[in-house]
Structure formats: structure tokens, C-alpha cells
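First up is the structure itself, then whatever we jot down about it.
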Amino acid sequence: TPHRNSQPAPLVHEAHDPSLEAYEAERAQVVRSAVARLDSKQRTVLELAYFSDLSQAQLAHRLGIPPEAVRPAIRAAMVKLRHLLEVPQK
């Protein structure tokens with residue numbers, strides 16, 4: 001009988017793929033670079049929205065904006081980030 005806490009075996013064994021790892025590392029660098037080019041307010045909005053465990057009300061308090069402005073602020077920052085990712089860096 002298997003142990004209660006044992007993890008199921010993975011269904012697919014992921015092979016080591018250096019070209020995939022290189023692509024993912026390059027893509028991560030492109031995203032980090034684009035995030036760094038956001039203005040500080042937009043960067044803070046995204047960092048708090050995606051990397052903190054804060055509720056929408058807590059985000060609003062932390063950002064100094066009304067709770068109903070949180071989602072539009074996140075959306076605006078994401079639109080800007082997408083634009084930066086589409087435009088080649090000079």
C-alpha cells in the first residue's frame with residue numbers, strides 16, 4: 001500500500017533540453033527588461049498584484065488609490081508591458 005503522503009509519479013519525464021532552457025532564460029530577461037522600463041508606479045502595481053498576497057483592498061491602501069481603481073491600474077500596467085514586449089529595444 002502506498003503511503004498517504006507520497007506524491008504520484010510524474011506522467012511525463014521532462015528531458016533536459018538546453019535549447020529550451022536558453023530560450024526560457026532569454027525570454028525571462030526580455031520580460032525583466034520590459035518591466036524595468038515601466039514607470040515606478042506601474043512596476044509597483046504589477047509587483048504587488050502578482051507577487052504579494054494582498055487583497056484588492058490592501059493593494060488599494062498600499063498604492064494610495066481607491067479600491068475600484070486597482071483593477072484599472074493593473075490593466076493599464078499590463079497594456080503598457082505588452083506594448084513594451086512588442087516594440088523592439090533600441
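Residue numbers count from 1 along this sequence.
Residues Y50 and V79 fall into different hydrophobic clusters, defined by Ile, Leu, Val, Met, Phe, Trp and Tyr side chains chained together at heavy-atom separations under 4.5 Å. Follow the hydrophobic side-chain contacts under 4.5 Å out from V30 and you reach L81 in the same cluster. Hydrophobic clustering places V31 together with I74 (ILVMFWY residues linked when any side-chain heavy atoms are closer than 4.5 Å, directly or through intermediates).
Within the model, atoms CG of L63 and NZ of K41 stand 8.0 Å from one another, a figure rounded to the nearest 0.5 Å. Within the model, atoms CZ of R43 and CG of L48 stand 12.0 Å from one another, a figure rounded to the nearest 0.5 Å. The OG atom of S52 sits 7.0 Å away from atom CZ of R62, with the distance rounded to the nearest 0.5 Å. Here L84 contributes atom CG and K80 contributes atom NZ; the two are 5.0 Å apart, rounded to the nearest 0.5 Å. To the nearest 0.5 Å, atoms CG (L59) and OG1 (T44) are separated by 11.5 Å. One finds the NE2 atom of H83 at 11.0 Å from the CG atom of L38 (value rounded to the nearest 0.5 Å).
A73 approaches I65 most closely through the heavy-atom pair CB-CD1, 4.3 Å.
Here the side chain of Q58 pairs a donor or acceptor atom with the backbone of S55 at under 3.5 angstrom. The backbone N or O of Q29 lies less than 3.5 Å from no partner atom in the side chain of S33, so there is not a single donor-acceptor pair. The backbone N or O of P67 lies less than 3.5 Å from a partner atom in the side chain of Q56, making a donor-acceptor pair.
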Inset, instruction - Test Q42 against V45 for side-chain contact (heavy atoms from CB on, under 4.5 Å), laying out the working first. - result: CA-CA 5 Å; Q42 289 176 323; V45 165; 5.5 Å; no
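Heavy atoms from other residues, nucleotides or ligands lying under 6.0 Å from CD of E26 number 12 at most.
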